[in-house]
Amino acid sequence: MLAYGLRPVGGGWRERALRERADHHAEAHLTPRDLHDLQLRLSAGTVIHICENPRVVEAAADAACVHPLVCTSGSAATVVLTLLDALAAAGCRFVYHGDFDWPGITLANRIIHRYGARPWRMGAEDYEHLAALSQAEGIPQLPLDGEPVSAAWDPGLAPAMSALGVALHEEVTLDLLVDDLAGQA
């Protein structure tokens with residue numbers, strides 16, 4: 001699994017390696033074995049941004065962003081949930097952004113419910129703005145397929161998505177997400 005900007009306290013080599021990667025604006029690939037031996041103590045109340053697409057992590061690293069980020073890589077596999085569980089136990093808070101398609105809304109509901117995460121640029125207004133922006137910029141429109149899924153955090157999102165019928169992947173939001181991640185810590 002892919003993470004960026006994690007700066008755990010602790011003197012072990014794994015903790016030092018994560019801090020060093022964060023200092024050099026480099027993403028980290030973590031395995032279940034890494035997580036088993038890692039002491040994930042962060043400053044109380046640290047906000048961890050969660051995204052769905054690895055491209056967001058790459059862009060955050062390229063822009064030397066200051067906020068920590070964890071990527072689900074399309075679905076929250078066991079290693080991702082293990083990391084998020086450990087970060088939650090350490091007192092971290094979460095914000096979540098994913099794709100504006102039905103699987104993306106399903107994953108968002110799961111992460112928001114499990115961790116009390118706040119949605120991050122995931123409202124009906126965000127969707128409508130991005131759909132209009134992508135159309136104006138000539139980005140090919142992807143059809144929104146499948147059964148609609150209600151967004152637990154915004155009852156207007158599923159109807160807005162159904163009305164426009166356009167799926168929007170995180171790459172469409174990349175500039176806005178990187179701007180948020182580059183903000184002062």
Q: Determine, stepwise, if the pair Tyr4 / His67 fulfils side chain to side chain donor-acceptor pair (under 3.5 Å).
A: CA-CA 8 Å; Tyr4 170 81; His67 294 291; over 6 Å; no

Residue set satisfying side chain to side chain contact (heavy atoms under 4.5 Å, CB included) with Pro148, at least two apart, ordered chain then number -> Trp102, Ser162

Taken in chain and number order and not counting sequence neighbours, the residues that satisfy side chain to side chain contact (heavy atoms under 4.5 Å, CB included) with Ser150 are none

Partner residues of [X] under the side-chain hydrogen bond (donor to acceptor under 3.5 Å, both in side chains) criterion, sequence neighbours left out:
X      : answer
Trp153 : none
Asp85  : Arg114, Tyr115
Thr46  : none
Asp154 : none

(request) State whether the side chain of Thr31 and the backbone N or O of Asp34 hold a donor-acceptor pair below 3.5 Å, judged by distance alone. (result) yes

### Message
Looking at Leu38, is its backbone amide N or carbonyl O close enough to the side chain of Arg14 to form a donor-acceptor pair, meaning the two atoms are under 3.5 Å apart?
### Response
no

How close do [X] and [Y] get, heavy atom to heavy atom, and via which atoms?
X      : Y      : answer
Leu30  : Leu6   : CD1-CD1, 4.4 Å
Val80  : Cys71  : CG2-O, 3.8 Å
Val66  : Gly183 : CG2-O, 2.5 Å
Ala167 : Pro143 : CB-O, 3.8 Å
Ala131 : Ser134 : O-OG, 3.0 Å

Could you give all pairs that pass the salt bridge (charged side-chain N to carboxylate O under 4.0 Å, His left out) test and reach [range], with sequence neighbours left out?
range            : result
residues 130-145 : none
residues 123-133 : none
residues 15-32   : Arg7-Asp23

Sorted by chain and number, sequence neighbours left out, ring pair (Phe, Tyr, Trp, His ring centres under 6.0 Å) with Tyr127 holds for Phe100

Could you tabulate the donor-acceptor pairs under 3.5 Å formed by side-chain atoms of residues 47-64, not counting sequence neighbours?
residue : atom : partner : partner atom : Å
Glu52   : OE1  : Asp99   : N            : 2.8
Asn53   : OD1  : Arg55   : N            : 2.7
Asn53   : ND2  : Glu171  : OE2          : 2.7

Side-chain donor/acceptor pairs under 3.5 Å, residues 116-123, sequence neighbours excluded:
residue : atom : partner : partner atom : Å
Trp120  : NE1  : Asp180  : OD2          : 2.7
Arg121  : NE   : Asp180  : OD2          : 2.7
Arg121  : NH2  : Asp180  : OD1          : 3.0

Check: Could you walk me through whether Asn109 and Thr106 pass the side chain to side chain donor-acceptor pair (under 3.5 Å) check?
Finding: CA-CA 5 Å; Asn109 280 335; Thr106 299; 5.7 Å; no

